[in-house]
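These notes concern the structure reproduced below.
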Amino acid sequence: MAASKPVEPHSGSGFPRWQLALLVGTPIVLGVGAVYLWKRNKTKNTPGKSNGERTTPEGTPDNSSPLDRAQGAKNKGNKYFKAGKYEQAIHCYTEAIGLCPRENQTDLSTFYQNRAAAYEQQMKWTEVVQDCTQAVVINPRYIKALFRRAKALERLDNKKECLEDVTAVCILEAFQNQQSMLLADKVLKLLGKEKAKDQYKNRDPLMPSPQFIKSYFSSFTDDIISQPLQKGEKKDEDKDNEGEAAEVTESSGYLKAKQYMEEENYDKIISECTKEVESEGRYTAEALLLRATFYLLIGNATGAQPDLDRVINMEDANVKLRANALIKRGSMYMQQQQPMMSTQDFNMAAEIDTRNADVYHHRGQLKILLDQVEEAVGDFDECILLRPDSALAQAQKCFALYRQAYTGNSQSQVQTAMDGFEDITRRFPKCAEGYALYAQALTDQQQFGKADEMYNKCIDLEPDNATTYVHKGLLQLQWKQDLDLGLDLISKAIEIDNKCDFAYETMGTIEVQRGNLEKAIDMFNKAINLAKSEMEMAHLYSLCDAAYAQTEVARKYGLKPPTL
């Protein structure tokens with residue numbers, strides 16, 4: 001599906017230890033696969049006799065100690081709490097706090113935590129935070145108090161401190177408690193969205209790497225604007241040699257922009273298209289679509305949408321231009337998490353240009369994202385019918401069938417899909433995407449050696465594709481636990497394409513695993529600066545915030561998840 005970048009093939013469960021941190025909505029970056037369990041001694045509160053006193057054989061009561069009286073007040077408070085009489089419970093817990101000797105730290109922290117629980121029932125969030133803080137000061141690893149304070153801080157809209165508390169809880173609970181994991185996930189998403197909303201609007205537009213741009217346009221076969229200059233678009237005297245691009249001498253901004261595309265001088269394309277649009281030249285529709293495409297590539301959806309709207313509404317324009325605009329607007333809507341509007345645009349594109357293979361190819365990818373695998377396969381089949389030589393559509397269809405079989409736990413269908421990959425790589429030996437998708441399926445099946453071979457073939461075909469190096473690096477980490485080789489390959493990806501946000505994001509995730517939190521934060525910040533959509537930026541901010549929260553938890557409480 002065309003968006004600001006091509007859809008990445010899903011890794012599935014092939015890298016459960018390493019790649020879960022890369023998935024939107026997974027708080028795993030707090031400590032992937034942590035097995036770090038802090039054992040906390042817990043004093044059991046034993047209620048006294050029915051009258052709360054010990055007596056001598058003669059029936060004369062002993063004088064109870066201050067701690068005994070504090071425990072009695074606490075037990076009375078517990079009865080009020082269970083009866084829903086929270087004000088009386090608070091009074092009893094307050095009495096217990098006043099009576100408890102200061103040296104009985106464990107009991108005192110429990111009394112504060114109990115009173116916080118009663119305040120929580122009354123939705124007095126500030127008081128909850130205050131009492132939980134007292135409990136945590138006494139016992140820094142008091143899980144109940146930390147989690148209760150985290151929930152209260154969330155209610156007070158103090159997300160930063162809430163995240164720190166729930167991070168500590170997750171580490172103490174060895175990431176085994178679903179309730180605390182869900183709160184961490186929720187807060188990370190909210191923080192990420194808030195930061196991205198402000199930052200994305202004010203970011204400096206950044207042109208992606210030439211390799212990324214060429215990869216993006218290669219996902220289209222019926223895209224007029226990405227085709228080389230045609231004979232009718234330039235004068236004969238402007239051709240140096242047949243089939244070669246030549247200098248365009250006429251005043252068309254669009255034709256000049258096309259020449260810049262062939263020269264990979266991408267930074268000048270938007271301004272030349274603007275000249276064509278403002279002069280209402282012959283290629284206004286093409287210029288609008290090309291300008292919109294590059295707005296999308298630099299992450300400026302606000303600038304792209306009016307241009308796409310204009311092209312779509314030009315009923316006298318070439319139908320392939322309108323269909324292409326609908327594909328790109330539909331992809332933009334999907335990035336903005338508006339699947340209904342996205343689907344409408346793709347359906348409209350299929351209606352106005354029924355024999356456009358791009359429509360079915362990109363709609364098939366949309367259906368995969370929506371977990372509508374059968375419909376996705378139908379669209380890929382339609383694309384293949386129109387373009388039997390479309391290796392990319394055939395590879396993606398095979399991967400969709402594989403994911404369906406894998407998640408459905410059908411081994412026979414998994415094998416059928418794997419056989420399909422063998423057939424595709426044999427029939428289309430120059431399709432790098434076919435090898436890449438096959439490699440990910442092989443990794444799922446723990447056929448690591450063969451997966452490595454497939455990635456090597458990808459690299460042979462596309463030595464400048466940084467993403468392949470990242471996936472190969474992740475494979476080394478899972479297959480051989482070879483951290484040095486994995487990091488070397490990901491560093492190679494950054495060397496090839498210093499605008500590869502996926503490489504920085506992956507490197508940051510691994511540095512979290514290694515306990516190098518400052519370096520992880522630096523990597524996430526580099527990825528944030530390269531984000532091509534607000535949603536992508538929000539996800540990256542979530543990862544960065546999770547790493548930062550760990551640094552604060554380590555500083556305050558000395559808690560760290562295990563490292564590699």
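Small disclaimer: the values here were computed from a predicted structure and weren't measured. One is the number of the first residue; the rest follow in order along the sequence. Basis for what follows: all heavy atoms, side chains included, without hydrogens, waters or symmetry-related copies.
How far CD1 of Ile352 is from CG of Asn347: 12.0 Å, rounded to the nearest 0.5 Å. A distance of 12.5 Å separates NZ of Lys195 from CG of Leu540, quoted to the nearest 0.5 Å. Distance check: Leu163 CG to Leu188 CG gives 5.0 Å after rounding to the nearest 0.5 Å.
Checked against the 6.0 Å centroid threshold, Phe502 and His471 count as a close aromatic pair. Taking the six-membered ring wherever Trp is involved, the centroid distance between the rings of Phe220 and His362 falls below 6.0 Å.
For the pair Ala417 and Cys398, the tightest heavy-atom approach, listed with the atom from each and the gap, is O-SG, 3.2 Å. The heavy-atom pair separating Ser219 from His361 by the smallest distance is O-ND1, 3.7 Å. Taking each heavy atom of Tyr360 and Thr354 in turn, the nearest pair found is OH-O, 2.7 Å. Heavy-atom minimum distance, Pro388 versus Phe428: O-CZ, 4.0 Å. A pairwise comparison of heavy atoms in Ser226 and Met261 identifies CA-CE, 4.3 Å as the closest pair.
Note that Lys328 lies outside the cation-pi zone of Tyr295, set by a 6.0 Å cut-off to the ring centre and a 45° limit from the axis. Geometric assessment of Lys189 against the ring of Tyr541 yields a negative cation-pi assignment under the 6.0 Å and 45° thresholds.
Legend: residues meeting side-chain hydrogen bond (donor to acceptor under 3.5 Å, both in side chains) with Thr221, ordered by chain and number and at least two apart, are Asp358, Arg387. The ring pair (Phe, Tyr, Trp, His ring centres under 6.0 Å) search around Tyr402 returns Tyr406, not counting sequence neighbours.
The pair Asp379-Lys367 does not meet the salt-bridge criterion, since no charged nitrogen lies less than 4.0 angstrom from a carboxylate oxygen. Under a 4.0 Å N-O distance rule, the pair Lys201/Glu534 does not qualify as a salt bridge. No salt bridge links Arg322 with Asp353; every basic N to acidic carboxylate O contact stays at or beyond 4.0 Å. With respect to Asp444 and Arg403, a salt bridge is recorded, a charged nitrogen being found less than 4.0 Å from a carboxylate O.
In this structure a side-chain-to-backbone donor-acceptor pair under 3.5 Å is missing from Asp423 to Asp419.
Judged by distance alone, the side chains of Gln336 and Gln338 do bring a donor and an acceptor atom under 3.5 Å apart. In summary, the side chains of Tyr548 and Glu164 do not present any donor paired with an acceptor at a separation below 3.5 Å, with no hydrogens or angles considered. Using modelled atom types and a 3.5 Å distance limit, the side chains of Asn318 and Glu286 yield no donor-acceptor pair. No hydrogens or angles considered: a donor-acceptor pair under 3.5 Å links the side chains of Glu173 and Ser180.
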Note to self: Evaluate Asp501 against Lys526 for salt bridge (charged side-chain N to carboxylate O under 4.0 Å, His left out), listing each step before the verdict.
What the structure shows: CA-CA 7 Å; Asp501 54 333; Lys526 287 181 178 178; over 6 Å; no
Checklist line | Chi angles and distances behind the side-chain contact (heavy atoms from CB on, under 4.5 Å) call for Lys450, Tyr438 | finding: CA-CA 9 Å; Lys450 193 167 184 178; Tyr438 190 20; 3.4 Å; yes
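Side-chain contact between Thr343 and Leu366: present, with at least one pair of heavy atoms (C-beta onward) separated by less than 4.5 Å.
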